Amino acid sequence: MLTVAALYHFTRFPDPRALQAPLASLACAQGVRGTLLLAKEGINGTIAGTREGIDAVLAHIRALPGCADLEWKESSAETMPFGRMKVRIKKEIVTMGQPDVDPKAAVGHYVEPTEWNALISAPDVAVIDTRNDYEVGIGTFEGAVDPGTKTFRDFPAWWAENAHRFHNKKIAMFCTGGIRCEKSTNFLLSQGVEDVFHLKGGILKYLEEVPEEDSLWQGECFVFDQRVSLKHGLKQGRYGLCHACRRPLSDEDRQRPEFEEGVCCHRCVDEYDEADRERFRERQRQFELAAQRDKG
C-alpha cells in the first residue's frame, strides 16, 4: 500500500521559485509523485509514495520557512494515483482572485469533525459547500447549500448575490481538505459576517474520524487524483473520471450514449470541437497501446 498525503500551509515565501527545484529533486529521488503548488502565500498539494518517501518529503517541507507546524491528512492507495511529480509556481495556492484575502490575518472558528454534526444541525446555522459544482454533485452534507460555482473564483460573486439569504444566520463552511475555507471564511469576515465556522481538516478528516452510522455525509468525496472519489474510512469510491473534462463519472454515466472513453461524457460533449475530440481519441489510443505493452 502507498501513502497519500494531502497538505496545505499558509506562510510567507519571499521567493517560492528558489524552493521549487530542491523540493522536486527530493520528491523524485524518493519515488514520490503528485502535485505541489508553491506561491508567496504558502504551499498546497497532494503527494503519494512509500512511507519512507512521504516522510522524507514532509520533513523537507516542515523545514521550510514558517512550516514547522505543517499539518496533513493521510490515506492509502493500492496503486500509484499520480503519473509523475510536479512542483509548480502559482500566484495563489488556491485561486480565489481576491488580493485582500489573507488567511494569516483571520479565519473562521475551526470545528472538529466530532463536533460538526451538532453545529450543522442547529436551526440558526446555514451550511455552505465551497467546492465546485461537479464535486458537490457526487456528495455533500445533508442540508448544505450548493452555490453551483464552476470555480472557486466564482464564490465572491455568488456571495454578493446571495448574502441576503443568510441574514441573522451563523455560517458553517466546508471543503475537501480545508484550504478553500481558510480563504472563504476570511472573505466572509471581511464582508461583515460575525459568526463563521469551518470544518477542521475538511471532508477528508470527517470521513476518517466520524463513523458511517453517525455521519451526516451523503455520497462520496471527489479527490484530485486517479482514485477520483473516497468513501467513509477514506476507502476508494466507485467513481471514474472523464479524461477530457476531468469530471467524475458513475457507472450509469458511462452507459450514456454521449460517453466515449477518453474523449467525452454527457457533461462535456458540447464543450469541445471535433479537432479536440480527435486529439483526445489519439491520446486514448496511445494509452491503450501503452497498457497492452505493459501487459505483454
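Remember, predicted model here, so these are calculated numbers, not experimental data.
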**Asked** Can you find a heavy atom in the side chain of M80 that is under 4.5 Å from one in the side chain of R33?
**Response** yes
**Request:** Please check if the distance between the ring centroids of F141 and Y206 is under 6.0 Å.
**Result:** yes
**pair D102-F10: side-chain heavy atoms closer than 4.5 Å** = no
**Single-linkage hydrophobic cluster I203~M173, side-chain heavy atoms < 4.5 angstrom** = no
**Asked** Is it true that D225 and R227 have a side-chain N and a carboxylate O under 4.0 angstrom from each other?
**Response** yes
**Prompt:** Got a second to check how far C245's SG is from Y134's OH, nearest 0.5 Å?
**Reply:** 9.0 Å
**Prompt:** At what distance, to the nearest 0.5 angstrom, does CZ of R279 lie from CZ of R283?
**Reply:** 7.5 Å
**Least distance between heavy atoms, C268 atom then A244 atom** = SG-CB, 4.1 Å
**Asked** Taking atom types as modelled, is there a side-chain donor on E288 or Q284 under 3.5 Å from an acceptor on the other?
**Response** yes
**Request:** Provide the closest heavy-atom pair for I120 versus V125 in the form atom of the first, atom of the second, distance.
**Result:** CA-CG1, 4.3 Å
**Prompt:** In the single-linkage hydrophobic clustering (I, L, V, M, F, W, Y; side-chain heavy atoms under 4.5 Å), do L36 and L38 co-cluster?
**Reply:** yes
**Asked** Step by step, would you call H266 with F259 a side-chain contact (heavy atoms from CB on, under 4.5 Å)?
**Response** CA-CA 6 Å; H266 66 285; F259 176 74; over 6 Å; no
**Message:** Whether the E71 and Y8 side chains hold a donor-acceptor pair (N or O, under 3.5 Å, no angle test) is what I'd like checked.
**Reply:** no
**Request:** Look at the side chain of D214 and the backbone N and O of V210, then say whether any donor-acceptor pair between them is shorter than 3.5 Å.
**Result:** no
**Prompt:** Between T130 and C175, which heavy-atom pair has the shortest distance, and what is it?
**Reply:** OG1-CB, 3.3 Å
**Message:** Using the ring centroid of each side chain, check whether F222 and Y239 are separated by less than 6.0 Å.
**Reply:** no
**Asked** Do V111 and L188 sit in the same hydrophobic cluster, where Ile, Leu, Val, Met, Phe, Trp and Tyr count as joined when their side-chain heavy atoms come under 4.5 Å apart?
**Response** no
**Item:** Salt bridge K205-E209, side-chain N to carboxylate O under 4.0 Å
**Value:** yes
**Message:** Quick check: is F224 connected to V136 through a chain of hydrophobic side chains (ILVMFWY, heavy atoms under 4.5 Å apart)?
**Reply:** no
**Carboxylate-amine/guanidinium proximity below 4.0 Å for K169 and D124** = no
**Aromatic centroids of F166 and W159 separated by under 6.0 Å** = yes
**Item:** Side-chain ion pair, R51 and D55, N-O less than 4.0 Å
**Value:** yes
**Request:** Establish, from distance only, whether the side-chain atoms of E112 and T114 form a donor-acceptor pair under 3.5 Å.
**Result:** no
**Asked** Is it true that the side chains of R131 and T149 contain a donor and an acceptor less than 3.5 Å apart?
**Response** no
**Request:** State, to 0.1 Å, how close G237 and K231 come at their nearest heavy-atom pair, and which atoms those are.
**Result:** CA-CG, 3.8 Å
**Prompt:** Just one of K183, Q98, E161 clears the side-chain contact (heavy atoms from CB on, under 4.5 Å) bar with P156, so which one?
**Reply:** Q98
**Asked** For the atom pair OG1 (T95) and CD (E92), what is the distance rounded to the nearest 0.5 Å?
**Response** 5.0 Å
**Prompt:** Please walk me through it: do I61 and I43 pass side-chain contact (heavy atoms from CB on, under 4.5 Å)?
**Reply:** CA-CA 9 Å; I61 295 173; I43 185 169; 4.0 Å; yes
**Asked** Between G49 and I54, which heavy-atom pair has the shortest distance, and what is it?
**Response** N-CD1, 3.6 Å
**Request:** Could you tell me which non-hydrogen atom of C265 sits nearest to which non-hydrogen atom of L249, and how far apart they are?
**Result:** CB-CD2, 3.6 Å
**Prompt:** Distance from L58 atom CG to L7 atom CG, nearest 0.5 Å?
**Reply:** 6.5 Å
**Prompt:** Out of curiosity, does V107 fall in the hydrophobic cluster containing F187 (side-chain heavy atoms, cut-off under 4.5 Å, transitive links)?
**Reply:** no
**Asked** Hey, does the side chain of N44 reach the backbone of I93 with a donor-acceptor pair shorter than 3.5 angstrom?
**Response** yes
**Request:** Check for a donor-acceptor pair, side chain of E182 on one end and backbone N or O of I179 on the other, with a separation under 3.5 Å.
**Result:** no
**Asked** How long is the span from the NE2 atom in H60 to the CG atom in L23, to the nearest 0.5 Å?
**Response** 5.0 Å
**Asked** From E115 CD over to L199 CG, what is the distance, rounded to the nearest 0.5 angstrom?
**Response** 11.0 Å
**Request:** Output yes when a side-chain donor or acceptor of Q236 lies under 3.5 Å from a complementary backbone atom of S229, and no otherwise.
**Result:** no
**Request:** Please confirm whether H243 and F280 have ring centers closer than 6.0 angstrom.
**Result:** no
